[in-house]
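Whatever order the structure lists ligands and atoms in, that order sets their numbers, starting from 1. Just so it is clear, the model here is predicted, and its values are computed rather than measured.
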Amino acid sequence: MSSLPTAPGFPPLRLRRYAGFWLTDRTLKFLGASHARFSPRPTDVLLVSFPKTGTTWLKALAFSAHLPSTGADHPLHRNNPHDLVGFLELAGEDDDGLIYEGIPSPRLLAAHLPYSLLPHGITDGSGGRIVYVCRDPKDTLFSFWHFHEKTTATLQRMADDGGASSAMPTFEEAFELFCKGQSMAGPQWRHALEYWEASRLSPDQVLFLRYEDMLRDPEGSLRKMAVFMGCPFSPEEEETGVVRDIVELCSLGMLKGLEVNRSGRTMLGLKNEAFFRNGTVGDWSSCMTPAMAARLDGIVAEALEGSMLFFLKEKVDHVLPYAFKTGRSLSDQ
Ligand code: PAP
């Protein structure tokens, strides 16, 4: 690890560049151990995202899709979604045994890891299915900015452990770092591109979702996820409104208002409330000038050129029939 290039990131943690991504020491330590300590199962479902792109919501929906009802005894009434679906890379460092081996099948797990750095057993086709969610990078950065403001003390502790500067950056400084890809698991566009390519090569193994589409059609997105995860809703469940009930229970307004999410803490000691804010599209415009937005869009467009991946789907619908002919593989980058 000590031989890898290091740089400050946003949030202000020391990051190291490995295999094209900027990663924290904690993630790098996990990578060293994970291949031997994680034993994938064909029934596993892994929820993957770049941070701040819809992870918490995806966890709540996927978890609920596996349960028969949304009544008062539903675990979301007493637990933050992050406490119900654990991150691979946060699995107990000191535990010598296999990671998450105690969870009965079908297991629901999560990761912020790039596709190319997942344990091999997951990506070689023998380790279950992956649901990936992506989000417009401008909104991702803006969401990160607010999360950072709400969790400064915890992030400072993490920064101290990692030897990084814990000084509060300005939004402009955070923007510069994000544009250079220097954020946890960044660059975001490379992260999304790997999963996009994997979803095109193996649509049965990787489902690629967009946060913006989920906001537009939460019920349709949930149905799609449930079919993909192997737990489609039955006609009886459809008739009794289970899909609508799950969407309601997992809505931002509902989760944000629950006592557990207003007061408790979750992984790494982070406040539950920090994971719930506005959940809208285009919020970035209150902090980013049009010139900044155009610059970030340009960086993303250049990185994705020829790949057929666009963060906003309207573009996909428009361009896909033509772009399909010019698909470029990740290995060309
Ligand atoms: P994480 O990667 O640290 O887990 P993640 O959940 O991916 O964070 O991102 C948080 C964003 O999801 C927040 O977006 P915002 O800052 O733009 O508002 C948060 O509000 C949003 N979010 C959390 N829960 C939900 C939900 N149930 N429905 C819609 N959006 C949600």
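The residue Phe147 has no part lying near ligand 1, judged by heavy-atom distances below 4.0 Å. For Thr53, every heavy-atom contact with ligand 1 shorter than 4.0 Å involves the backbone, none the side chain. At a heavy-atom cutoff of 4.0 Å, ligand 1 is contacted by the side chain of His112 but not by its backbone.
In terms of N/O distances under 3.5 Å, ligand 1 is not approached by Ser49. Inclusion of Cys250 in the set of residues having an N or O under 3.5 Å from an N or O of ligand 1 is warranted. In terms of polar-atom proximity, His82 is counted as a contact of ligand 1, with an N or O under 3.5 Å from an N or O of the ligand.
Between Phe87 and His82, the angle of the ring planes stays under 30°, which puts this pair in the parallel group of the 30/60° scheme. Classification of the Trp145-His148 ring pair by plane angle, with boundaries at 30° and 60°, yields tilted.
Looking only at heavy atoms of the protein, atom 23 (C) of ligand 1 is closest to Phe275 O, 3.1 Å.
Of all the atoms in ligand 1, the ones that sit under 4.0 Å from a non-hydrogen atom of Tyr211 are 21 (C), 29 (C), 30 (N), 31 (C).
Counting only non-hydrogen atoms, the option in Gly282, Ser251, Gly279 that gets closest to atom 18 (O) of ligand 1 is Gly279. The heavy atom nearest to atom 13 (C) of ligand 1, considering only Pro218, Gly54, Ala60, Ser143, is found in Ser143. Around atom 17 (O) of ligand 1, the closest heavy atom drawn from Arg135, Lys52, Lys150, Met254 belongs to Arg135.
Taking the six-membered ring wherever Trp is involved, the centroid distance between the rings of Phe311 and Trp189 does not fall below 6.0 Å. Aromatic pair Phe147/Phe275: ring centres closer than 6.0 Å. You'll find the ring centres of His191 and Tyr132 inside the 6.0 Å limit.
In terms of hydrophobic clustering, with Ile, Leu, Val, Met, Phe, Trp and Tyr side chains grouped at heavy-atom distances under 4.5 Å, Leu4 and Leu23 are assigned to a common cluster.
When each of Tyr115, Phe228, Trp196 is checked for a ring-ring contact (aromatic ring centres under 6.0 Å, His included) with Phe208, only Trp196 meets the rule.
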